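These notes are about the structure you will find just below.
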Protein chains: 2
Amino acid sequence: MAAMKHPEASEFRLEKVLHALSDGVRLGIVRQLAAEGEASCGALDGGRPKSSVSHHFRVLREAGLVRTTTFGVTHMNSLRRAELDARFPGLLAAVLAAEGQG
Amino acid sequence: MAAMKHPEASEFRLEKVLHALSDGVRLGIVRQLAAEGEASCGALDGGRPKSSVSHHFRVLREAGLVRTTTFGVTHMNSLRRAELDARFPGLLAAVLAAEGQG
DNA sequence: GCCTTAGTTCCATCAATCTCGAACTATTGG
DNA sequence: CCAATAGTTCGAGATTGATGGAACTAAGGC
């Protein structure tokens, strides 16, 4: 089951969100999730070892950016766009709009 | 003179900007600058030692968030709002709008 | 039951970052 | 020229964060 720890929207902290997004690997993951809607961890690993990818997903989860649900043996991840936008209006949109510019 | 190194708007990097904003001290500085227009380093030190404050201003400068100009013996800092908004539309506004929520 | 798959957790290592004191630099004032 | 002011730069210590290997866990398939 999806017994992973996800913060509630009221617990989101701006600094944590910004820190989660300030890493290239995680930013890439967030962009791909934004483009594809949802994906498994493995689909976004970019050739990195599992433990690294898992670490990054954890940071994203704990910041409130990503929700992970267990689906059989794979873990599906998706952006918590609505909740994020309710708490920090326009923030994620601005980050995603900066796409391609580094 | 203001011989400090400031990146041009075309050199701004999203990750660097987000990292600069992901620290509580710097976020506080940015918010105060947004509220007051401009201020000297010392006016925003919050009781911290000079070297710490100077470090944070350097991070902000190098990310492109702040422009520092020397004015006699004091250094005046201001947000590079227009340039930032041109490069990352809505980003700074979203961060500042999240004010008071942590 | 046993093996595979998909991740997580644990651990160690290494690189960045934050903090702060001390020394240095530039500008103004006496 | 000497002192004071406002920051910067340097250097050390402590914390945080990234990376990746190895062992562990949960769910399905044979």
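In what follows, chains are A, B, ... by sequence order, proteins preceding strands, each numbered from 1. No experiment lies behind these values; they were computed from the predicted model shown.
- Rounded to 10 degrees, the angle separating the terminal axes of the helix from C/dG1-D/dC30 to C/dG30-D/dC1 is 10°, with each axis obtained from five end pairs.
- A distance of 10.5 Å separates CD in B/Glu38 from CG in B/Leu79, rounded to the nearest 0.5 Å.
- Partners of B/Glu36 according to the side chain to side chain donor-acceptor pair (under 3.5 Å) rule, which considers only residues two or more places apart in sequence or in another chain, are B/Gln32.
- D/dA27 atom P lies 9 Å from atom NE2 of A/His75, rounded to whole Å.
- Per the geometry, CZ belonging to B/Phe57 stands 14 Å off P belonging to D/dT9, to the nearest Å.
- Within residues 36-47 of chain B, no residue has any heavy atom under 4.0 Å from DNA chain C.
- Using a 4.5 Å heavy-atom threshold, the side chains of A/Leu21 and B/Leu14 count as separate.
- The shortest distance between side-chain heavy atoms of B/Leu92 and B/Val17 does not fall below 4.5 Å.
- Taking the charged nitrogens against the carboxylate oxygens, B/Glu83 and B/Arg87 have no contact shorter than 4.0 Å, which rules out a salt bridge.
- Taking atom CE of residue B/Met76 and atom C1' of nucleotide C/dT27, one finds them 16 Å apart after rounding to whole Å.
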Summary of protein contacts for nucleotides 15-23 of chain D, nucleotide by nucleotide, where a base hit scores B, a sugar-phosphate-only hit scores S (4.0 Å, heavy atoms): --SSBBBB-
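- In the hydrophobic clustering of ILVMFWY residues, with side-chain heavy atoms under 4.5 Å counting as a link, A/Met4 and A/Val59 come out apart.
- Atom CG in A/Leu60 sits roughly 14 Å away from atom P in C/dG7 (whole-Å rounding).
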For residues 39-57 of chain A, which side-chain donor-acceptor pairs fall under 3.5 Å, sequence neighbours excluded?
unit_1, atom_1, unit_2, atom_2, d
A/Ser40, OG, A/Ala43, N, 3.3
A/Asp45, OD1, A/Gly47, N, 3.2
A/His56, ND1, A/Arg26, NH1, 3.1

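- Legend: residues meeting salt bridge (Lys or Arg N to Asp or Glu O under 4.0 Å) with A/Arg81, ordered by chain and number and at least two apart, are absent.
- Counting non-hydrogen atoms under 4.0 angstrom, A/Thr74 reaches the backbone sugars and phosphates but no base.
- Counting heavy atoms from C-beta on, the side chains of B/Leu33 and B/Val66 come closer than 4.5 Å.
- From A/Arg13, atom CZ reaches atom CD of A/Glu62 across 11.5 Å, with rounding to the nearest 0.5 Å.
- In this structure the side chain of A/Leu60 never reaches within 4.5 angstrom of the side chain of A/Asn77, judged on heavy atoms.
- The phosphate of D/dC10 (OP1 or OP2) has no side-chain N or O of B/Arg58 nearer than 4.0 angstrom.
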